There are 2 protein chains.
Amino acid sequence: MMVSTKGRYALTVMVDLAKNAVDGYVSLADIAERENLSMKYLESIISMLNKGGMLESLRGKNGGYKLARDPSEYTINEILLLTEGTLAPVNCIMQEGVECEKAATCSTLPLWAGLDGVIENYLSGITLEDVMSGNRKKMLGEYCQKCDS
Amino acid sequence: MMVSTKGRYALTVMVDLAKNAVDGYVSLADIAERENLSMKYLESIISMLNKGGMLESLRGKNGGYKLARDPSEYTINEILLLTEGTLAPVNCIMQEGVECEKAATCSTLPLWAGLDGVIENYLSGITLEDVMSGNRKKMLGEYCQKCDS
DNA sequence: ATTTAATCCTACCTAAGTGGTAGGATTTAC
DNA sequence: GTAAATCCTACCACTTAGGTAGGATTAAAT
C-alpha cells in the first residue's frame, strides 16, 4: 500500500474543511464525528497539515481549523506528500538527490521512474476542488462508465 | 512504498532469465550471484513465480529455471501482482468484490479509483521485453529527456 | 550405485512501520 | 475563572518487510 491511513485521512480532513469551514473555524471534534474517525488520531495528522502551511488554526474556545487557501489551489500531490513523506512506488528511485548505486546499469530503474512519473503526474493534476466537487471525469477519466451518461 | 523488494526482485529475476536463459535452464545460484542478491531470499520469491506459472523448472543437477513464454507475452502488471498480491495504492478500494461500506457517499473514493486505474494501465502496457531491451520511450514516455536525442 | 548439484519446503527471526491511545499543558472566548 | 479548544510528548500492540536456517527431495553425471 502506497498511501496509508495518514494520507487518506489527511485528504478526508481537507475535503471536510473545504465543505464545512466556509466561514470561520471548524473544530477537530466536529470533523472526527462527521467523518467517523478517531479524534485523537486525526489530531496527529492535522498537526502535520497545519505545520506544513496547509491550514490556519485558532486555539482556545470556539477555535479550530480552516483552509489557508482556496480549494482549487491545493493539488492532491502536495497534500499527500506532506503526510506520507514520499509517494514513490519503490524505495530504489532517487530521493533527495541520493540515487541507487546500481542505477547506471539497472534495467528495471526506468520502469520504476516511469511509474513514479505517472503517479505524480496524475496526483498533481487534480485539485482539492476537484475532489470536493466530485469531478468524476477528471478523477476517473477514461475509466469512468458514468461520465458519458 | 507500494512495491516491496519481493516485487522488485521478482522483476529482476524475470529480466535476468529473459537475458540469460535463452537455451536451457539457469540456476538460482547464478542469478543471485549476477544480481548480487541473497539466494535464500530469492528462493522464496522465485517459488511464487514458479507456482504462478511464469516459469518452468527442472530439479536436480544441472537444473534451474527458464521462462515459460516469450518475454513479450508477460506484462509487468501480472508479474508484480503475483508476488505483491495487490498493487492497489490504498486499501479502501474494492478488492475481490468487497467494497468499503462508505463507498456510496465517499468523496475521495473516485480519486483512489482513478489512481489505481492509472497505475494498472501503465503497468499493463509494458512487457518484460520492453524492460529487458531497455525501451526507454515506452517506460519513461514524456518524462524521458534522452528519448529525443 | 553413489555423489553432487540443484530445487523444494517449513519454520523462524529481527527491525521497522502502521494505526492508533493516553494524559496533560497551553491558549482564548465567554 | 471556567469551558472548550489546540498543542505536545509518550507509549503501545500488531502487522509487514526482509530476510536466515536447515533439511528433504530430485535428477544428472560419474
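Order of the sequence lines fixes the chain letters, A, B, ..., with proteins taken first and strands second; residue numbering starts at 1 for each chain. The model shown is predicted, which means the values in this text are computed figures rather than measured ones.
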- [ ] Tell me what Tyr65(A) touches on the nucleic acid: a base, only sugar-phosphate, or nothing, going by heavy atoms under 4.0 Å.
- [x]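 The answer is sugar-phosphate, as Tyr65(A) gets under 4.0 Å only of primed atoms, P, OP1 or OP2.
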
TODO: Looking at every strand, decide which applies to Leu28(A) at a 4.0 Å heavy-atom threshold: base, sugar-phosphate, or nothing.
DONE: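 Since only primed, P, OP1 and OP2 atoms lie under 4.0 Å of Leu28(A), the category is sugar-phosphate.
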
Whole-Å distance separating the [atom1] atom of [X] from the [atom2] atom of [N]:
| X | N | atom1 | atom2 | result |
| --- | --- | --- | --- | --- |
| Tyr25(A) | dT27(C) | OH | P | 17 Å |
| Ile45(B) | dG18(D) | CD1 | P | 9 Å |
| Leu42(B) | dT20(D) | CG | P | 10 Å |
| Tyr41(A) | dG23(C) | OH | P | 20 Å |
| Leu49(B) | dT7(C) | CG | P | 13 Å |
| Tyr9(A) | dT18(C) | OH | P | 14 Å |
| Asn91(B) | dT15(D) | CG | C1' | 12 Å |
| Glu84(B) | dA17(D) | CD | C1' | 10 Å |

Open item on the list: Side chains of Asn135(A) and Ser133(A): any donor to acceptor distance under 3.5 Å?
Closed with: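 The answer is no; no qualifying pair exists.
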
Task: Check: Asp130(A)/Thr127(A) side-chain N/O donor and acceptor closer than 3.5 Å - done: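 Present: a donor and an acceptor within the cut-off.
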
- [ ] Look at the side-chain N and O atoms of Ser4(A) and state whether any lies under 4.0 Å from the OP1 or OP2 oxygen of dG19(C).
- [x]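 Result: yes.
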
Open item on the list: Does a side-chain N or O of Ser38(A) approach OP1 or OP2 of dT21(C) to a distance below 4.0 Å, or not?
Closed with: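 Yes, Ser38(A) has a side-chain N/O under 4.0 Å of OP1/OP2 on dT21(C).
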
So if I take every side-chain heavy atom of [X] and compare against [options], which nucleotide ends up nearest?
| X | options | result |
| --- | --- | --- |
| Leu58(B) | dC7(D), dA28(D), dG20(C) | dA28(D) |
| Thr5(A) | dG19(C), dC7(D), dT7(C) | dG19(C) |
| Ser57(A) | dT4(C), dT6(D), dC9(C) | dT6(D) |
| Lys51(A) | dG19(D), dC8(D), dG20(C) | dC8(D) |
| Glu43(A) | dG22(D), dA5(D), dC7(D) | dC7(D) |
| Lys61(B) | dG20(C), dG19(D), dA28(D) | dA28(D) |
| Asn62(B) | dT28(C), dA29(D), dG20(C) | dA29(D) |
| Met39(A) | dA3(D), dC9(C), dT6(D) | dT6(D) |

Taking atom types as they are modelled, is there a donor-acceptor pair under 3.5 Å from the base of [N] to the side chain of [X]?
| X | N | answer |
| --- | --- | --- |
| Lys6(A) | dG20(C) | no |
| Lys40(B) | dG18(D) | no |
| Arg59(A) | dT6(D) | yes |

Between [X] and [Y], is any pair of side-chain heavy atoms under 4.5 Å apart?
| X | Y | result |
| --- | --- | --- |
| Met139(B) | Ile126(B) | yes |
| Arg34(B) | Ile31(B) | yes |
| Tyr41(A) | Lys6(A) | yes |

Open item on the list: On DNA chain C, does the nearest nucleotide to Arg8(A) precede the nearest nucleotide to Val26(B) from the 5' side, or the other way round? Give the residue.
Closed with: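 On the 5' side of the pair lies Val26(B).
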
Task: Full working for side chain to side chain contact (heavy atoms under 4.5 Å, CB included) between Met54(A) and Glu78(A) - done: CA-CA 9 Å; Met54(A) 300 270 154; Glu78(A) 65 178 331; 3.8 Å; yes

